[in-house]
Protein chains: 2
Amino acid sequence: MNAVTPNIAERIRALGARATPARVAVMRLLETAERALSHHDIELALQANGFDRVTLYRVLDWMVESGLAHRVADAQRVFRFSLAAPDAPAHDRHAHFRCEDCGKVFCLDDVPVTRPALPKGFSSSAVELSITGHCGHCGKHA
Amino acid sequence: MNAVTPNIAERIRALGARATPARVAVMRLLETAERALSHHDIELALQANGFDRVTLYRVLDWMVESGLAHRVADAQRVFRFSLAAPDAPAHDRHAHFRCEDCGKVFCLDDVPVTRPALPKGFSSSAVELSITGHCGHCGKHA
DNA sequence: TTGCTAATGCAATTGTGTTGCGTTTGAACC
DNA sequence: GGTTCAAACGCAACACAATTGCATTAGCAA
């Protein structure tokens, strides 16, 4: 009878999956995160819940397979996860910003990503703009 | 007195480094490769030479540090290396194409990468456009 | 409440890349 | 052609993110 997470559990069940605590917690975390989170980020944020590492990996895999989240490998070659915007008509264009100081990755939904001209015979299904630099917080201390 | 690799050894020494067989072989391989190669690709291609795994990693690290090569993490979170165009004035903007079928990564030097507007307080030092799709070879068989 | 199986927890394993350290070797200098 | 010496190497061990196997637990439909 916990009224805090009614919608999320509903949405999970609507996909034909079980609304487990781990799934609800990860989805809620990603919903409130304004940047792409790594597995380690999620492990830290939810450590009070006592979920197993592997469970979190499997929740994230399930979210990616279900189209609920995106997975990108950052420059340090660790996966980062962000919630897929359900109302985004086509998520084949996306921009991320990675801070060289704090390592955080931000989704830049406002930045338009234009599909460039490609060599003959090439076709594109997704375009991702990856910007490196200093974020708003770290830039102030530079 | 091998006349096959005079320029490469010269260029290496011009950087103040030793022209070792491993460096010459890796540079020659990357020069002829039309796509970004992973460490594993390079290990396979040069396995007849008997170089140690770690030596290849160190050669690649040295090339990146010296500005001779770029390193990008692909979607499977493995590093891929491509030769830096020596005449590129500023390599802070770069475009790569990754084929979903064969997994190969191509440098798209012709594609212009424009620096987008960023949120307040953010500053960018590098912009990379990463395009996913089907390359010229795989697209023909689709 | 019961029963089924999706989902979990734990342990072991994989794959990519790194570090430490003794040995070899490129190349500058005689 | 030697001699010298640090840069570069080879080997072994390590670090870390992520994956797999399997016995156990728990959602949820009936």
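Order of the sequence lines sets the chain letters (A, B, ...), proteins ahead of strands, with each chain counted from 1.
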Test item: A/Asp74 side-chain N/O and A/Gln76 main-chain N/O as donor-acceptor pair under 3.5 Å: yes

Closest listed nucleotide, where the reference is the side chain of B/Arg23 and the choices are D/dA18, D/dA8, C/dT19: D/dA8

Would you kindly give the CG-to-P distance between A/Leu60 and C/dA7, to the nearest whole Å? 14 Å

Return the nearest nucleotide to the side chain of B/Arg77; candidates are C/dT8, C/dA27, D/dA17. D/dA17

For D/dA8, does the base pair up with any side-chain atom of B/Arg18 as donor and acceptor (N or O, under 3.5 Å, distance only)? no

Whole-Å distance between D/dT19 P and A/Glu65 CD? 11 Å

Using OP1 and OP2 only, check whether a side-chain N or O of A/Thr20 sits under 4.0 Å from D/dA26. no

In whole angstroms, the gap separating P of D/dA8 from CD1 of B/Ile12 amounts to 10 Å

Considering all heavy atoms, the nearest A/Ala84-A/Gly67 contact: CB-O, 3.4 Å

Please list, in numerical order, the residues of residues 37-53 of chain A that have a heavy atom closer than 4.0 Å to any atom of DNA chain C. A/Asp52

Shortest side-chain distance from A/Arg13, nucleotide among D/dC28, C/dC10, C/dG17: D/dC28

If I take atom CG in residue A/Leu15 and atom P in nucleotide C/dA7, what distance separates them, rounded to the nearest angstrom? 11 Å

Regarding C/dG17, can its base be found pairing with the side chain of B/Arg58 as donor and acceptor, where the two atoms are less than 3.5 Å apart? no

What orientation do B/Phe122 and A/Phe97 show, parallel under 30°, tilted 30 to 60°, or perpendicular over 60°? perpendicular

Shortest side-chain distance from A/Thr55, nucleotide among C/dG9, D/dA7, D/dC9: C/dG9

Stepwise side-chain contact (heavy atoms from CB on, under 4.5 Å) check, A/His40 with A/Leu44: CA-CA 6 Å; A/His40 188 62; A/Leu44 286 179; 3.8 Å; yes

Which of these passes side-chain contact (heavy atoms from CB on, under 4.5 Å) with B/Val24: B/Val59, B/Leu29, B/Ile8? B/Ile8

Write down the distance between CG (A/Leu56) and C1' (C/dC10), rounded to a whole number of angstrom. 14 Å

Taking all non-hydrogen atoms of both residues, which atom of A/Arg71 and which atom of A/Phe81 are closest, and how far apart? CD-CE2, 3.7 Å

Nucleotide C/dT16, atom C1' - distance to CZ of B/Phe81 in whole Å: 11 Å

So what is the end-to-end bend of the helix from C/dT1-D/dA30 to C/dC30-D/dG1, with 5 pairs used at each end and the value given to 10 degrees? 40°

Do you know the tightest heavy-atom contact between B/Arg23 and B/Arg18? NH1-O, 2.9 Å

Roughly how many Å is it from CE in A/Met63 to C1' in C/dA7, rounded to a whole number? 16 Å

May I ask you to say what B/Val54 touches in the nucleic acid, namely base, sugar-phosphate or nothing, with a heavy-atom cut-off under 4.0 Å? base

Can you work out whether B/Tyr57 or B/Ala17 has the more 5'-proximal nearest nucleotide on DNA chain C? B/Tyr57

Whole angstrom is fine here: how far is it from CG in A/Asp61 over to P in D/dT20? 9 Å

